[in-house]
Amino acid sequence: MTAPVTISERAARRIGQILKNEGDGAMLRISVEGGGCSGFQYKFDVDHARTEDDLVIERDHAVVLVDPASAPFLAGSEVDFVDDLIGASFRVHNPNATASCGCGTSFSV
């Protein structure tokens with residue numbers, strides 16, 4: 001089975017830099033929560049523990065966790081890292097989103 005979420009090379013590099021400063025065993029957890037201006041929002045947290053039902057995605061020195069409740073919302077998505085005029089941030093290119101807000105942090109399905 002292929003991972004329903006992929007991590008771009010730029011995102012993996014940035015995640016690796018962040019996790020290096022967070023101590024041994026640090027991982028990035030991506031989740032979907034209700035809220036935001038479009039209905040759902042992405043949440044990014046550093047975590048040091050994974051559960052047995054977490055989806056684990058590894059690329060280079062980046063380890064990303066997705067909980068089973070968030071995985072269907074993120075299926076087929078790519079996490080990227082962009083540094084442009086409005087700032088540096090992670091962006092989720094989500095094929096399941098039918099609408100999103102202007103800044104890209106919230107979406108609806």
Side-chain angles (χ1 to χ4, degrees):
M1 182 174 138
T2 59
V5 179
T6 58
I7 308 298
S8 74
E9 182 180 341
R10 286 185 304 238
R13 191 170 38 249
R14 182 64 182 133
I15 292 166
Q17 292 168 345
I18 292 167
L19 297 180
K20 191 184 318 181
N21 298 325
E22 295 295 331
D24 290 341
M27 299 165 277
L28 181 71
R29 180 173 294 279
I30 302 174
S31 57
V32 173
E33 296 183 336
C37 52
S38 293
F40 294 100
Q41 60 188 354
Y42 303 110
K43 185 176 178 190
F44 298 87
D45 292 303
V46 174
D47 202 337
H48 285 85
R50 68 174 96 177
T51 64
E52 69 178 48
D53 55 354
D54 278 338
L55 170 66
V56 180
I57 305 140
E58 297 183 57
R59 179 167 184 174
D60 302 326
H61 300 289
V63 180
V64 176
L65 305 174
V66 178
D67 65 88
S70 298
F73 292 103
L74 294 168
S77 295
E78 180 189 44
V79 178
D80 195 11
F81 182 77
V82 294
D83 190 358
D84 56 21
L85 291 175
I86 62 169
S89 64
F90 289 106
R91 299 262 171 87
V92 180
H93 303 285
N94 188 339
N96 304 303
T98 58
S100 64
C101 66
C103 64
T105 61
S106 70
F107 66 101
S108 60
V109 290

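Bear in mind that the values here come from a model prediction, so they are computed numbers and not experimental data.
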Within 6.0 Å of NE2 in His61, more than 12 heavy atoms from elsewhere: no
Pairs meeting criterion salt bridge (Lys or Arg N to Asp or Glu O under 4.0 Å) with involvement of residues 41-58, two or more places apart: Arg29-Asp47, Arg29-Asp54, Glu33-Lys43, Lys43-Asp45
Val32 versus Tyr42, closest heavy-atom pair with distance: CG2-CD2, 4.3 Å
Whether Phe44 and Phe90 hold their rings parallel, tilted or perpendicular, with breakpoints at 30° and 60°: parallel
Residue list, side chain to side chain contact (heavy atoms under 4.5 Å, CB included) with Ala12, at least two apart or on another chain: Ile7, Arg59, Asp60, Ala62
Nearest non-hydrogen partners of Pro68 and Pro72, listed with the distance: O-CD, 3.2 Å
Closest non-hydrogen atom pair between Ala75 and Pro95, with its separation: O-CG, 3.8 Å
Glu9 atom CD, neighbour heavy-atom count above 12 within 6.0 Å: no
Gln17: which of Arg13, Lys20, Arg14 passes side-chain hydrogen bond (donor to acceptor under 3.5 Å, both in side chains): Arg14
Heavy-atom side-chain proximity of Leu28 to Leu65 below 4.5 angstrom: no
Taking every non-hydrogen atom, the tightest pair across Gly23 and His48: O-NE2, 4.3 Å
Residue pair Val64, Val5: steps toward the side-chain contact (heavy atoms from CB on, under 4.5 Å) verdict: CA-CA 10 Å; Val64 176; Val5 179; 5.8 Å; no
Cluster overlap Val82 with Ile30, hydrophobic side-chain contacts below 4.5 Å: no
Verdict with reasoning, Val63 to Val56, per side-chain contact (heavy atoms from CB on, under 4.5 Å): CA-CA 7 Å; Val63 180; Val56 180; 4.0 Å; yes
Residue pairs fulfilling salt bridge (Lys or Arg N to Asp or Glu O under 4.0 Å) with at least one residue in residues 65-81, sequence neighbours excluded: Arg10-Asp80
